[in-house]
There are 2 protein chains.
Amino acid sequence: EIVPVSGVALSRNDARVTITRVPDRPGVALHLFQPVADANIVVDMIIQNTSIDGHTDLTFTVPKGDLKKTLEIVKPVAADIGAERVLSEENIAKVSIVGVGMKNNAGVAARMFEAMAAENINILMISTSEIKISCVIEDRHGELAVRVLHDAFGLDIPPPKKRGT
Amino acid sequence: EIVPVSGVALSRNDARVTITRVPDRPGVALHLFQPVADANIVVDMIIQNTSIDGHTDLTFTVPKGDLKKTLEIVKPVAADIGAERVLSEENIAKVSIVGVGMKNNAGVAARMFEAMAAENINILMISTSEIKISCVIEDRHGELAVRVLHDAFGLDIPPPKKRGT
Ligand SMILES: C[C@@H](O)[C@H](N)C(=O)O
Ligand SMILES: C[C@@H](O)[C@H](N)C(=O)O
């Protein structure tokens with residue numbers, strides 16, 4: 001059996017910003033992101049789901065150290081475009097499974113979700129690409145999530161780093 | 001200047017399924033995806049944004065030919081977990097910009113959103129990875145989106161395929 005997943009990645013450096021109920025019309029995404037880009041803020045994830053009733057939420061993640069500045073930039077723009085609120089959360093981690101062989105394999109996603117569910121880890125956001133499935137979870141579940149995903153996909157846990165090396 | 005974007009990809013084979021207002025508690029994602037996986041249905045994108053008031057929407061895409069079967073599988077599960085509705089849409093296309101050099105570059109995302117906005121193309125969903133920014137748009141805008149993204153990022157449009165080759 002080809003092992004579809006070759007590794008697990010954990011990222012804890014980012015905070016999430018969500019602009020709720022943005023009007024779903026052309027130009028809105030541009031309006032929100034241009035000022036963030038102009039401020040040279042590094043954006044990792046951008047997630048927007050399908051709108052319902054003409055509005056949707058737009059979430060993106062930035063380094064925790066840039067959160068304050070990002071909120072200062074985004075809040076006036078959000079008001080401009082008639083969005084409802086700007087929310088943020090710092091205590092998140094992004095855990096991802098990575099694999100060349102897992103392209104479009106719903107079974108792989110299901111197994112990841114099963115590993116989370118078995119430990120009662122709530123999945124806050126999901127985003128995928130052909131080689132990666134990422135789940136955002138609460139930061140406090142980070143190491144546990146990495147361990148259970150290694151188990152779920154038969155991967156060896158890397159040995160702990162020695163101090164001083 | 002390093003060109004951050006090396007290519008544009010268009011995918012028109014998929015339909016989207018959205019389960020609205022799923023309860024945001026552990027096990028829900030598993031519950032929805034396991035039966036889809038068991039039916040060997042190929043899933044491309046999975047998108048879940050942060051929940052508001054304990055509920056969120058879960059969207060995923062499947063080949064258009066599998067939409068009917070997917071809905072038959074998902075509807076009873078959605079009812080089971082107390083979700084609100086199951087919606088679907090076939091007339092979508094996924095246009096992506098791909099590039100090794102664009103990691104976390106908010107300016108690249110902004111430029112993509114600007115290209116869409118300039119043509120009045122509404123961005124229905126957004127999903128990102130380190131090497132790819134994908135926007136789901138209406139299917140009818142597919143070729144236009146590819147053209148304007150090539151222009152926006154200074155890429156040559158590949159020559160049209162000759163008939164008979
Ligand atoms: C919500 C936002 O993505 C909007 N649909 C746009 O095209 O900019
Ligand atoms: C909504 C869904 O992702 C849920 N939070 C879960 O963990 O399964």
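Keep in mind it's a predicted model, so treat the numbers as computed, not measured. Worth knowing before you read on, the calculation uses all heavy atoms, side chains too, and leaves out hydrogens, waters and symmetry mates. So you know, we letter chains A, B, ... as the sequences are listed, proteins then strands, and number each from 1.
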Between [options], who has the most heavy-atom pairs with chain A when the cutoff is under 4.5 Å?
| options | value |
| --- | --- |
| B:Leu30, B:Ile126, B:Val62 | B:Ile126 |
| B:Lys132, B:His31, B:Arg16 | B:Arg16 |
| B:Asp24, B:Ile123, B:Thr18, B:Leu87 | B:Asp24 |
| B:Ile47, B:Thr20, B:Val36, B:Leu58 | B:Ile47 |
| B:Pro26, B:Ala37, B:Ala117 | B:Pro26 |

Of the listed residues (A:Glu119, A:Arg25, A:Met125, A:Glu114), which shares the most heavy-atom pairs with chain B below a 4.5 Å separation? A:Met125
Looking only at A:Leu124, A:Ile46, A:Ile52, the option with the highest number of non-hydrogen pairs under 4.5 Å against chain B is A:Ile46
Treat each ILVMFWY residue as a node, draw an edge where side-chain heavy atoms are under 4.5 Å apart, and state whether [X] and [Y] are in one component.
| X | Y | value |
| --- | --- | --- |
| A:Val136 | A:Leu144 | no |
| B:Ile92 | B:Ile137 | no |
| A:Val98 | A:Phe153 | no |

Scanning both residues in full, the closest heavy-atom pair of A:Val43 with B:Ala106 reads CG2-CB, 3.7 Å
Taking every heavy atom of B:Met45 against every heavy atom of A:Thr128, the minimum-distance pair comes out as CA-OG1, 3.4 Å
Which bit of A:Ser129 is near chain B, if near means a heavy-atom gap under 4.5 Å: side chain, backbone, both or neither? side chain
Which answer fits A:Arg21, side chain, backbone, both or neither, if we ask what part of it has an atom under 4.5 Å from a heavy atom of chain B?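 Contact with chain B: none, neither part.
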Got a donor-acceptor contact below 3.5 angstrom from the B:Asn49 side chain to the A:Asp57 backbone? yes
Is atom NZ of B:Lys64 surrounded by more than 12 heavy atoms (other residues, nucleotides or ligands) closer than 6.0 Å?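 For B:Lys64, atom NZ is crowded (more than 12 foreign heavy atoms under 6.0 Å).
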For A:Lys68, I'd like to know if atom NZ has over 12 heavy atoms of other residues, nucleotides or ligands within 6.0 Å.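 No, the 6.0 Å shell around NZ holds no more than 12 heavy atoms from other groups.
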Point-to-point distance, once rounded to the nearest 0.5 Å, from CD of A:Gln48 to CZ of B:Phe113: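 Going from CD on A:Gln48 over to CZ on B:Phe113, the span is 8.0 Å.
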Nearest 0.5 angstrom please: A:Thr50 OG1 to B:Glu89 CD, how far? 9.0 Å
Between B:Ala29 and chain A, with a heavy-atom cut-off of 4.5 Å, which part of the residue counts as in contact: side chain, backbone, both or neither? both
